[in-house]
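Worksheet: one structure, shown below.
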Amino acid sequence: MAKYVAAGKTGEFKDGSKKKVSLEGQEIMLAKVGNDYYAVGNRCPHLKGDLSAGKLEGAIITCPRHGSQFDIRDGRNVRWLKGAGLLAAVGKALKSPRDLASYRVKVEGDTISVEI
Ligand code: FES
């Protein structure tokens, strides 16, 4: 049964910041975009790149390994691998695009909680 687990404090985040948290054995990236907080799986579904080490622009996180991009508002894949060369074509053929897990977030007082 799903439950909310405390994941951080609002004071830790400014707009555009993110961090990796481990909750109930799951690695999650928690981020603030504007006034909202979002939680998605932290490992890229391509080859497990650490998304918390990637670049967050607006709501789009770019994987630091091969440039796949995801919308952290819903986990949707918006680009699968970077580039259009032969290597990218082979990579795309070998592993098809996948979305990130997306988690509900709530804020009570200064505590940010994620539904696990
Ligand atoms: S591991 Fe993320 S794009 Fe390859």
Side-chain angles (χ1 to χ4, degrees):
M1 186 169 150
K3 64 181 178 182
Y4 280 91
V5 177
K9 297 290 186 186
T10 55
E12 301 172 60
F13 292 86
K14 61 183 193 315
D15 185 11
S17 66
K18 55 189 166 28
K19 75 170 193 176
K20 175 172 37 178
V21 295
S22 181
L23 302 175
E24 307 279 321
Q26 297 184 57
E27 194 175 305
I28 290 170
M29 184 182 75
L30 186 60
K32 182 178 185 185
V33 177
N35 292 318
D36 297 315
Y37 295 87
Y38 299 97
V40 292
N42 186 55
R43 289 292 165 178
C44 177
H46 178 230
L47 293 175
K48 302 188 185 307
D50 180 353
L51 294 175
S52 71
K55 188 172 184 179
L56 181 62
E57 297 171 288
I60 304 299
I61 186 75
T62 300
C63 179
R65 291 196 65 191
H66 313 104
S68 288
Q69 293 182 318
F70 304 88
D71 187 327
I72 67 167
R73 293 171 295 188
D74 58 7
R76 184 174 45 92
N77 175 249
V78 295
R79 179 176 74 190
W80 190 243
L81 308 181
K82 184 179 180 181
L86 180 61
L87 280 178
V90 170
K92 289 173 186 177
L94 290 176
K95 196 151 187 175
S96 54
R98 289 179 28 213
D99 296 336
L100 300 174
S102 176
Y103 302 88
R104 287 197 183 95
V105 175
K106 74 176 179 182
V107 178
E108 289 178 316
D110 67 346
T111 300
I112 307 163
S113 299
V114 175
E115 187 181 46
I116 298 293

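If you're wondering where the values come from, they're calculated on a predicted model, not measured in any experiment. Each ligand, and each atom within it, is numbered from 1 in the order the structure gives.
- Every atom of ligand 1 is numbered from 1 in the order shown, and the set under 4.0 Å from a heavy atom of Cys63 is 1 (S), 2 (Fe), 3 (S).
- The structure places CG of Leu51 at 9.5 Å from NZ of Lys18, a figure rounded to the nearest 0.5 Å.
- Between atom SG of residue Cys63 and atom CZ of residue Arg43 there is a gap of 9.5 Å, rounded to the nearest 0.5 Å.
- Residues Lys9 and Thr111 have side chains that bring a donor and an acceptor to within less than 3.5 angstrom of each other.
- Here the N, O or S atom of His46 that is nearest to atom 4 (Fe) of ligand 1 is ND1.
- At most 12 heavy atoms of other shown residues, nucleotides or ligands fall within 6.0 angstrom of atom CG in Asn35.
- Short contacts between ligand 1 and Ser68, defined as distances under 4.0 Å to a heavy atom of the residue, involve ligand atoms 3 (S).
- When atom 4 (Fe) of ligand 1 is compared with the N/O/S atoms of His66, atom ND1 turns out nearest.
- Ranking protein heavy atoms by distance to atom 1 (S) of ligand 1, first place goes to Leu47 N, 3.2 Å.
- By the 6.0 Å and 45° rule, Lys32 does not stack over the aromatic ring of Tyr38.
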